[in-house]
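Structure first, then comments.
In the text below, chain A, chain B and the rest are named by the order of the sequence lines, each starting its count at 1.
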Number of protein chains: 2
Amino acid sequence: METKYNYVKNHIKSKILQGFFQPHQKVGSENNLIQEYNVSRHTVRKAIDELVNEGWIYKKQGAGTFCADRTAPKSSREQRNKNIAVITTYFSDYIFPTIIRGAESFLSENGYQVTVFSTNNDIEQERRCLEAVLSQQFDGVIIEPTKSALPNPNINYYLNFERMGIPYVMIHAYYEELEPVHIIMDDVEGGRIQTKHLLDLGHEHILGFFKNDDIQGIKRMKGFIKAHRECGVSLSPQNIVTYTTETKNALPTQMLEEKLKGGNELPTAIVCYNDQLAIQLLDVLRKMKLAVPKDISIVGYDDSSLSVASEVKLTTVKHPQEEMGIEAAQLIKQIIEKKENSLQEPIIKPVIFNPELIIRSSTGKTGIKEVN
Amino acid sequence: METKYNYVKNHIKSKILQGFFQPHQKVGSENNLIQEYNVSRHTVRKAIDELVNEGWIYKKQGAGTFCADRTAPKSSREQRNKNIAVITTYFSDYIFPTIIRGAESFLSENGYQVTVFSTNNDIEQERRCLEAVLSQQFDGVIIEPTKSALPNPNINYYLNFERMGIPYVMIHAYYEELEPVHIIMDDVEGGRIQTKHLLDLGHEHILGFFKNDDIQGIKRMKGFIKAHRECGVSLSPQNIVTYTTETKNALPTQMLEEKLKGGNELPTAIVCYNDQLAIQLLDVLRKMKLAVPKDISIVGYDDSSLSVASEVKLTTVKHPQEEMGIEAAQLIKQIIEKKENSLQEPIIKPVIFNPELIIRSSTGKTGIKEVN
DNA sequence: TCCGATTTGTTCGTATGTATG
DNA sequence: GCATACATACGAACAAATCGG
């Protein structure tokens, strides 16, 4: 894959998949490409030959090289099974398997097959997934956006889905500019009730840990701030810790240790972006010999299996998980079937799940004031 | 048709059609053809490239150019992506996502796509999965057998895979009668070292909980018994509890409660079929106010994320998980590629992982005797 | 209709890298 | 380790088709 002609080939293919070229539009002459990629004519021709062979482009002597028309020849589509691609950030971790299971079980019951991809929340890997899906013949895509809070360079691929008539629904988050059908939680509300619960219990120094490279984290942080404002409790900016996919393993635990050592104004409660983080932070609390919830309260998010795995049963926010997967599957099925029958793009409403707090034993009233 | 490369191409094609070359027979090196037709290397390559593309011949770097076997199905198989089906008992739970991720990451890096199915360890659902896979065009299948310890009525489907030339590998367990390529752990040894560890610590009344509808459970139980025998510790049949997929949620916890209430000969240690069960049983121990490992020791199996989620860090047996997925993917890729090139079913050796005990804080010396 | 610029097609040469047996 | 055979990559020249003026 590291040969020059392969690089040229893949680069051109990417452009096609991103919709840079309309069918029958000129891809550029051999001379153009020679200059663009700074390679020999032979190399360009080798790349182009393969693309022609795979049906992406066609050539006409004396005229030029053109983008092929890949709009599927509808025929013989009926008999084959329907295929749905599911692209999520993670695959094996945490709540994602459950979401995927929801989609898989519903779709397989309805005669669809599910092919899975994961991006590891990495833009480059997302691009590869999107290219793979566009290169194949999928009838629909369920996708969780990667790094949804950051500008996404792969937007073009999504636009190309629309151009090629492949319906998709987004879960967990969505890119505003695309206005896709989406299935999300009300994450602001989720963050709000996490925090409100602690404020109601009398906590006033609450640490908030939020992941800020996806929209969910940003929104939950918004809810965290909103709750403080509603309850009239002032919030120091130093009480908010943000981290990213790349720093998630070390940064939050390290920050918590620092915050707990810094003598004055010790926090009495922690709001976590998710259960996974809460479990990580619980280990820090154990190490520092702090009892939960007597010395410090902690709230998770997602109600994953981790929330009840340890001796501390986490107070957390319910995430629909399997239900979200099923809902996404139902939506994509509806869209596909409507499209088949009526040819016009149906209007489908997004789904927004309302969060719900599950109170377990990791939160309690602040005891500090009574003790003093 | 009067170009040189076309002449060469047609001449070689004629020879093939006249039967001058048997399948897999050498067509002649580039240098031979250069001399034979008195043309440049480039011209020969162009001719050969087209013949390869049309499926008449194939090339192998370093080896030569050979006549293809046209008896095989010539239908546009080359250009489409390769699809692998992964069928596991579970999908979203426990270590399965990690295994699947291993396979998925390796395969997607190698240009394959992964379609997933799960049987929920139910024979009827397994049948549906197998039918779906057989009716689609999959290039290979990675499968974990369902209820592997029980007679399987779906054996015929597996035989049909062989008849249709679809390679498959089995993970975790396999049906003896099929003698498939398989990737498993040495579960007898795993059960043995789990138990040996406790016996070495001085425990003599050890409860063993095993799932007996899959082969892994049966084998781990075998290891449990073997360890007792090796250490010369007598084992009461009442110390072994077996359960199935259907009873896994209620039966083991209930049995443990009974065993702990029954006054005489209280157990001082527990061997669990897996970490998932260990976590379940830990809750029972907490409810009965038994400290781990002071009052009772417990050993898990699989080294899943659950084993370190709680305050009790489980002593457990390492399961290769992701590695097993990768290994399975590598094997299936090897088989597919060898089959493509040489037509003869390659001989691939099964993989057996050796278990390894990971000692954490859930096990300790029995304290009862010293106390008395 | 023809011209000329552009673009792809064919063919030669040369060199170095990499896999196979 | 070595020869063989295919893979990648550069350069050059001329032929043939296309298209706008």
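In this structure, of C:dT11, D:dT18, D:dC6, it is C:dT11 that holds the atom nearest to the side chain of B:Y5. In the set D:dA5, D:dT8, C:dT20, the nucleotide with an atom closest to the side chain of A:T3 is D:dT8. In this structure, the nucleotide among C:dT7, D:dT18, D:dC6 sitting nearest to the side chain of B:R45 is D:dC6.
Look at OH on A:Y37: it is 14 Å from P on D:dC10, rounded to the nearest Å. One can place CD of A:Q35 at 12 Å from P of C:dT6, the figure rounded to the nearest angstrom. Remark: P of D:dA3 and CD of B:E30 are 20 Å apart, rounded to the nearest angstrom. Between A:K4 atom NZ and D:dA7 atom P there is a gap of 19 Å when expressed in whole angstrom units. Counting to the nearest Å, the C1' atom of C:dT11 and the CG atom of B:L33 are 17 Å from each other. Remark: P of D:dA9 and CD of B:Q61 are 12 Å apart, rounded to the nearest angstrom. In this structure, B:N38 atom CG and C:dT11 atom P are separated by 13 Å, rounded to whole Å. Whole-Å rounding puts the B:D49 CG to C:dT10 C1' distance at 14 Å.
Pairing each heavy atom of A:F138 with each of A:I84, the nearest pair is CD2-C, 3.7 Å.
Contact annotation for B:T43: backbone-only contact, meaning every heavy-atom pair under 4.0 Å involves sugar-phosphate atoms and none involves a base.
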Could you please spell out the steps behind the ring pair (Phe, Tyr, Trp, His ring centres under 6.0 Å) verdict for A:H11 and A:Y37?
CA-CA 10 Å; A:H11 199 266; A:Y37 296 103; 5.4 Å; yes

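Between B:T65 and D:dC6 there is a side-chain polar atom (N or O) within less than 4.0 angstrom of OP1 or OP2. A sub-4.0 Å separation between OP1 or OP2 of C:dG13 and a side-chain N or O of B:R41 is absent. When the side-chain nitrogen and oxygen atoms of A:K59 are compared with OP1 and OP2 of C:dT7, none of them lie within a distance under 4.0 Å.
With respect to A:K147 and A:D213, a salt bridge is recorded, a charged nitrogen being found less than 4.0 Å from a carboxylate O. With respect to the salt-bridge test (charged N to carboxylate O, under 4.0 angstrom), the residues B:K59 and B:E30 do not qualify.
The shortest distance between side-chain heavy atoms of B:I332 and B:P167 falls below 4.5 Å.
Closest-nucleotide positions on DNA chain D for B:N31 and B:H42 were compared, and the one nearer the 5' end corresponds to B:N31. Nearest-nucleotide positions on DNA chain D for A:K60 and A:S40 put A:S40 closer to the 5' end.
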